[in-house]
Amino acid sequence: MVKKYDAIIIGAGVIGAAIAFELSKKGWKTLNIDKNPQAGYGSTSASCSIIRVHYSTFDGCAIAYEGYHYWKNWINYIGNIKKTNFAKFVECGCMIYRTEQNNYLSKILNTADDLSIPYELWDSNKIREKLPIVDVHKFSPVKKLNDDGFGEHNNEILKGSVFFPTAGYINDPQLSAQNLQEAAERIGADFLFNSEVVSIMKNNSKAEGIVLSNGTKIFSKVVVNVAGPHSMKINKMAGVEDDMNIKTKALKVEVSHVSSPDKFNYESDAFVVSDSDIACYSRPETGNHILIGSEDPECDDRIFVDPDDWDDNFSEQWKTQVLRQAQRYPNLPVSSKVKGVVSLYDVSDDWIPIYDKSSLPGFYMAIGTSGNQYKNAPVAGVLMSNLIEYCENGNNHDKTPLSINLEFIKREISLKFYSRNREINKESSMSVLG
């Protein structure tokens, strides 16, 4: 029996499942294929799942603020599914220190004003009031552990911070992907797990479907690459990578989990923090822990790997992140017991995702999304479903890029911003911050 679908989506992470949900709502018969045993099991499960509205670019801020409204109304968006458990949005807010490295957030504040994103300006006294465990001295420039002066401040106080109340984190990112899966299945989508794509079929120079490792062929007029850290390999199968100006690679990342300082309940009383002075971001974690990630300072090595052959053990980076954070929280418990997550990010050359068609008709990409696009997953589903429909109806997205009206914030953006053929975006932070 020949298996046929309207669209095959390679990947069942949070973005792949969101695309399935949005295409299914348009009446498309979709199939998500994933080599993992369940939805959200790969990079999504390792996501810090931070929901924030600040990016270094206008378009980034716009879709992030749009995405916030989906998470805020998650159950209404998902609809009537049988699961009793839904992913929960913990809306604790996000504080960003104003530093020389982020130009004291001047551009981000202008964008927030333009998009009517609420925020508060906090001075050092307000920061101490909200986070009594904090040391608000400047420690920059960011250093490695063995550099002279590591951990020594320079007797200057930081110039305050900005607090965005419309921010927080999702308590279970894997569950959010599974919520989307069930919502998509309710309206006809199929999911196939423990299955690996080894070839992209073509007919008359168009995508025609995929071949699995067991030899099974599944036909479809549309194939969507949402394969996370394996996206570059899928693009090579399709023969489209050489025709792209922006490419993706798999990057090894480590996130540290440590206990909160004594007599402070970080889980209930703290919030998401971005701190470019020490190159760390953090958020509350279950069990009164602190999740600590790196903001990718230039002094740190970036380890790009083969996603099928890499060392998934913790390295010195775990300790580096914890001790950098201990500069800000002097009473942070620093244990020799390593806890956290080692995973892979799918990153583009400028850390901005590719939401685009390709040079192969019928082959689309939602890639380069790891690290800073989890929060935008529902919006990515909307963008990609509309882009696919636009192109399959005969429109040339390269010549006449599709523009999308963002439903909640009432703004229009052009998907040209996410083109595979764009130049490196100099406005990007070139880091996990996007």
Side-chain angles (χ1 to χ4, degrees), residues 48 50-57 60-61 64 92-113 117-143 149-169 255-256 258 260-261 264 266 269-284 290-300 320-332 371-372 375 427-434:
C48 295
I50 290 172
I51 307 302
R52 58 178 168 90
V53 293
H54 68 281
Y55 273 78
S56 57
T57 63
C61 289
C92 57
C94 176
M95 183 186 76
I96 308 99
Y97 286 100
R98 302 178 77 175
T99 68
E100 183 179 351
Q101 290 85 352
N102 60 31
N103 198 27
Y104 304 104
L105 298 178
S106 58
K107 183 173 181 180
I108 287 175
L109 292 180
N110 288 336
T111 301
D113 289 336
I117 301 174
Y119 63 85
E120 303 168 14
L121 299 179
W122 290 2
D123 61 17
S124 57
N125 290 328
K126 183 73 169 182
I127 296 170
R128 290 192 195 96
E129 175 190 333
K130 295 293 186 178
L131 276 178
I133 59 175
V134 75
D135 182 339
V136 290
H137 282 98
K138 289 176 61 177
F139 291 90
S140 59
V142 180
K143 305 174 184 69
F150 180 89
E152 298 176 5
H153 63 71
N154 54 20
N155 293 314
E156 292 183 52
I157 299 296
L158 291 167
K159 295 185 182 296
S161 66
V162 176
F163 182 78
F164 288 99
T166 52
Y169 61 96
V255 173
S256 313
V258 297
S260 173
F264 183 75
Y266 208 90
D269 298 337
F271 32 78
V272 177
V273 177
S274 174
D275 190 344
S276 54
D277 181 66
I278 59 171
C280 288
Y281 66 87
S282 58
R283 72 158 173 84
I290 307 174
L291 179 155
I292 305 165
S294 174
E295 292 191 353
D296 308 294
E298 290 185 3
C299 63
D300 288 0
T320 298
Q321 291 168 191
V322 172
L323 290 179
R324 282 176 180 158
Q325 187 63 58
Q327 296 172 120
R328 188 68 64 222
Y329 302 152
N331 294 321
L332 186 73
N372 64 49
K375 63 194 65 57
E427 292 184 347
S428 172
S429 69
M430 304 298 171
S431 74
V432 69
L433 296 177

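We're numbering straight along the sequence, starting at 1. These numbers were taken from a predicted model, which means no experiment stands behind them.
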Value rounded to 0.5 Å, distance of CD in Gln325 from OG1 in Thr320: 13.0 Å
Distance (rounded to the nearest 0.5 Å) between Asn372 CG and Ser428 OG: 8.0 Å
Intermediate values then yes/no, side chain to side chain contact (heavy atoms under 4.5 Å, CB included), Asp275 and Met95: CA-CA 9 Å; Asp275 190 344; Met95 183 186 76; over 6 Å; no
Approximate separation, where rounding is to 0.5 Å, of His153 NE2 and Gln327 CD: 10.5 Å
Beyond-backbone contact of Asn331 with Phe264, side-chain heavy atoms, under 4.5 angstrom: no
Tyr281 vs Leu291 side-chain heavy atoms within contact, under 4.5 Å: yes
Spatial distance of atom CD1 (Ile117) from atom NE2 (His54) [nearest 0.5 Å]: 10.5 Å
Approximate separation, where rounding is to 0.5 Å, of Ser140 OG and Asp277 CG: 4.0 Å
Charged tip of Arg98 within 45° of Tyr104 ring normal and under 6.0 Å: no
pair Asn154-His137: side-chain heavy atoms closer than 4.5 Å: no
For Val322 against Leu332, the heavy-atom pair lying closest together: O-CD2, 3.7 Å
Donor-acceptor pair, side chain of Asp296 and main chain of Val432, under 3.5 angstrom: yes
Smallest separation among heavy atoms of Pro165 and Pro118, with atom names: CD-O, 3.4 Å
Residues which pass ring pair (Phe, Tyr, Trp, His ring centres under 6.0 Å) with Tyr329, listed by chain and number, not counting sequence neighbours: Tyr266
Non-hydrogen side-chain atoms of Ile108 and Tyr55 separated by less than 4.5 Å: no
Residue pair Leu121, Leu109: steps toward the side chain to side chain contact (heavy atoms under 4.5 Å, CB included) verdict: CA-CA 10 Å; Leu121 299 179; Leu109 292 180; 4.1 Å; yes
Aromatic ring proximity, centroids under 6.0 angstrom, Phe164 and Trp122: no
Gln321: side-chain hydrogen bond (donor to acceptor under 3.5 Å, both in side chains) partners, not counting sequence neighbours: Ser256, Gln317
Residue pair Cys299, Lys143: steps toward the side chain to side chain contact (heavy atoms under 4.5 Å, CB included) verdict: CA-CA 7 Å; Cys299 63; Lys143 305 174 184 69; 6.0 Å; no
Contact check, side chains of Phe163 and Cys94, non-hydrogen atoms, under 4.5 Å: no
Exercise: do Ser276 and Thr99 side chains pair donor with acceptor under 3.5 Å: yes
Donor-acceptor under 3.5 Å (Asn103 side chain, Ser106 main chain): no
Backbone N/O of Cys280 and side chain of Ser294: donor-acceptor pair under 3.5 Å: no
Aromatic centroids of Phe150 and Phe139 separated by under 6.0 Å: no
N-O pairing of Lys159 and Glu100 below 4.0 Å: no
Candidate pair Lys107 and Glu427, rule salt bridge (charged side-chain N to carboxylate O under 4.0 Å, His left out), full reasoning: CA-CA 10 Å; Lys107 183 173 181 180; Glu427 292 184 347; 2.7 Å; yes
Partner residues of Ser429 under the side-chain hydrogen bond (donor to acceptor under 3.5 Å, both in side chains) criterion, sequence neighbours left out: Ser431
Among Leu158, Ile278, Leu105, Asn102, the one residue meeting side chain to side chain contact (heavy atoms under 4.5 Å, CB included) with Tyr97: Leu158
Arg328 side chain near Val134 side chain, heavy-atom distance below 4.5 Å: yes
Atom pair CD1/OG of Ile290 and Ser260 - distance to nearest 0.5 Å: 5.0 Å
Ionic contact status for Arg324 with Asp300, cut-off 4.0 Å: yes
Trace of the side chain to side chain contact (heavy atoms under 4.5 Å, CB included) decision for Val53 with Cys61: CA-CA 6 Å; Val53 293; Cys61 289; over 6 Å; no
Validation row: Ile96, Ser161 side chains within 4.5 angstrom (heavy atoms): no
Any donor-acceptor N/O pair, Arg52 side chain to Val272 backbone, under 3.5 Å: no
